[in-house]
Amino acid sequence: MIKKLIKKEIARQKKVINLIPSENYVSKDVLAALGSPLTNKYAEGKSGQRYYFGNEIVDQLESEVKRLVYKVFKISAKRYGVNVQPYSGSIANLASYIGSVGLGGKILAMSLEHGGHLTHGHHVSMTGKLFKFRHYEVGRDGWIDYDEVARIAKKFKPQLIVCGATAYPRKLDFKKFRQIADSVNALLIADISHIAGLIAGGVHPSPFPYADIVTTTTQKTLRGPRGAIIISKLSTPQVNNLSDIIDKIVFPGLQGGPQMHTIAAMGVAFEEAMKPSFKKYARQVVANAKALATELERLGFKIITGGTDNHLMLVDVTPLGLTGKEAGERLERAGIIVNKNMIPYDIRKPWDPSGIRLGTPAVTTQGMKEGDMIKIARKIKHILLK
Ligand code: DSN
């Protein structure tokens with residue numbers, strides 16, 4: 001039965017037009033690593049310091065994957081520590097918060113409703129319960145208002161500022177976030193989960209050297225397996241041995257044995273991300289997103305901020321007399337897969353919000369170009385204006 005369902009899902013993935021911005025299609029090599037016997041190995045601890053024996057190969061593997069992280073993001077082991085063990089972005093963020101400010105610490109982040117993430121302190125997430133979060137929002141025009149963020153920071157005096165988003169279509173100004181963090185002596189964490197592949201491909205500014213901690217999942221634009229990494233400064237003026245502390249929170253603080261098959265698959269994805277073809281891919285992801293947003297806008301759709309600089313866009317579907325849920329369902333019936341999404345200042349609720357979120361990482365992996373985006377935009381119009 002399970003084999004049958006896997007086959008059906010493979011067929012579904014081939015049939016649909018996947019515009020979910022956080023999904024992608026991994027290479028055969030990444031899949032092979034994920035399905036390798038590395039899944040059989042227990043390796044609690046880190047390279048050279050394990051609680052189990054028989055780790056001579058996985059020790060080399062984990063060290064090599066970490067080395068690749070330094071290369072992909074062009075950073076030095078003299079300044080940063082890398083942890084490739086987090087099972088997910090949620091764990092990576094939680095470990096980073098605990099390691100930097102401790103439980104109950106004061107953190108400023110973008111609200112989920114305005115493009116942040118659940119683990120950026122939303123009240124239904126444990127992060128919202130374990131720390132004192134305050135949130136900034138985007139302006140009425142959908143753009144981050146950095147002066148407003150600075151004002152809130154001055155008043156709230158956070159120990160940590162989170163930048164990074166899941167539904168923000170514009171470039172992030174990491175330098176400005178650094179200046180704001182410095183103005184209140186806070187640490188800065190960049191959650192680059194959505195844009196990591198764009199950064200690796202050179203089409204979005206890097207959070208280095210501005211952020212003290214960088215977290216990212218590896219399954220999105222980076223086109224790797226479902227997992228996450230943490231890159232942190234070895235020490236900062238506020239926290240001595242920051243990256244060692246974070247390592248101890250990941251294991252044994254929050255996790256047990258690392259998933260070595262996932263770590264191997266990450267390594268394969270990082271090797272792929274350093275090839276010239278990946279730069280081309282990243283450029284095409286952005287070119288496709290711009291083409292899709294421009295055509296949708298030309299066809300009369302309301303695009304938040306009027307376009308995109310990255311891989312995604314938010315569309316307010318309420319002027320069509322639809323909700324995000326209705327629009328997403330209609331598109332799904334026609335073979336286009338999106339996700340419903342809150343738009344800034346939404347008056348509707350997350351389960352049935354006013355918007356849909358579209359992105360181009362998966363269709364670009366399939367080889368689609370700007371001309372295909374124009375066809376998809378017209379198809380979307382045809383489906384939603386019926
Ligand atoms: N749920 C992911 C997304 O779709 O953006 C983030 O965790």
Side-chain angles (χ1 to χ4, degrees), residues 13 16-26 86-97 109-128 133 135 138 142 144 162-172 189-199 204 207 213-230 254 262 266 269 285-286 289 292 304-305 308-315 324-325 327-328 331-332 336-344 346 350-353 355-365:
Q13 289 189 12
V16 299
I17 295 171
N18 182 3
L19 296 179
I20 294 176
S22 49
E23 291 189 6
N24 213 330
Y25 298 124
V26 299
Y87 302 150
S88 70
S90 306
I91 299 274
N93 283 346
L94 182 57
S96 301
Y97 301 157
M110 187 192 253
S111 75
L112 174 68
E113 292 78 6
H114 286 246
H117 188 251
L118 274 172
T119 63
H120 296 177
H122 192 273
H123 65 90
V124 301
S125 156
M126 285 309 289
T127 56
F133 264 93
H135 290 102
V138 293
I144 293 173
V162 185
C163 59
T166 64
Y168 186 66
R170 297 298 178 177
K171 281 185 182 148
L172 292 170
I189 177 169
D191 176 350
I192 59 165
S193 294
H194 263 260
I195 53 174
L198 306 184
I199 293 165
H204 188 290
I213 307 172
V214 174
T215 58
T216 183
T217 50
T218 49
Q219 71 268 22
K220 299 185 175 91
T221 47
L222 211 39
R223 225 164 42 181
R226 228 155 252 288
I229 60 174
I230 304 171
L254 293 167
T262 303
M266 281 179 187
V285 166
V286 176
L292 184 59
I304 304 301
T305 75
T308 180
D309 294 332
N310 57 28
H311 62 303
L312 67 78
M313 67 216 68
L314 272 178
V315 183
K325 182 166 176 277
L331 289 167
E332 184 178 35
I336 296 180
I337 310 297
V338 301
N339 68 278
K340 53 192 179 189
N341 217 96
M342 303 276 277
I343 56 171
D346 210 329
W351 186 246
D352 193 6
I356 52 175
R357 189 183 64 156
L358 317 177
T360 54
V363 288
T364 307
T365 295

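We count ligands from 1, going down the list as the structure has it; atoms in each ligand are counted the same way. For this chain, numbers begin at 1 and follow the sequence in order.
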- Can you tell me the protein heavy atom closest to atom 5 (O) of ligand 1 and the distance? His194 NE2, 2.6 Å
- Task: Starting from atom 7 (O) of ligand 1, find the nearest protein heavy-atom neighbour and note its residue, name and distance.
- Result: His117 NE2, 2.8 Å
- Message: Can you tell me how the ring of His311 sits relative to the ring of His194, calling it parallel under 30°, perpendicular over 60° and tilted otherwise?
- Response: tilted
- Query: Has the side chain of Ser96 got a donor or acceptor atom that lies under 3.5 Å from a matching backbone atom of Ala92?
  - Reply: yes
- Task: Any atoms of ligand 1 less than 4.0 Å from a non-hydrogen atom of Ser22? List them with their elements.
- Result: 3 (C), 4 (O), 5 (O)
- Taking atom types as modelled and ignoring hydrogens, do the side chains of Asp191 and His120 form a donor-acceptor contact shorter than 3.5 angstrom? yes
- Item | Working for side chain to side chain contact (heavy atoms under 4.5 Å, CB included), residues Lys340 and Asp352 | CA-CA 7 Å; Lys340 53 192 179 189; Asp352 193 6; 5.7 Å; no
- So is Arg357 polar-close to ligand 1, meaning N/O to N/O under 3.5 Å? yes
- Query: Measuring from Thr216:OG1 to Ile230:CD1, what's the distance to the nearest 0.5 Å?
  - Reply: 11.0 Å
- Query: Nearest protein heavy atom to atom 1 (N) of ligand 1: under 4.0 Å?
  - Reply: no
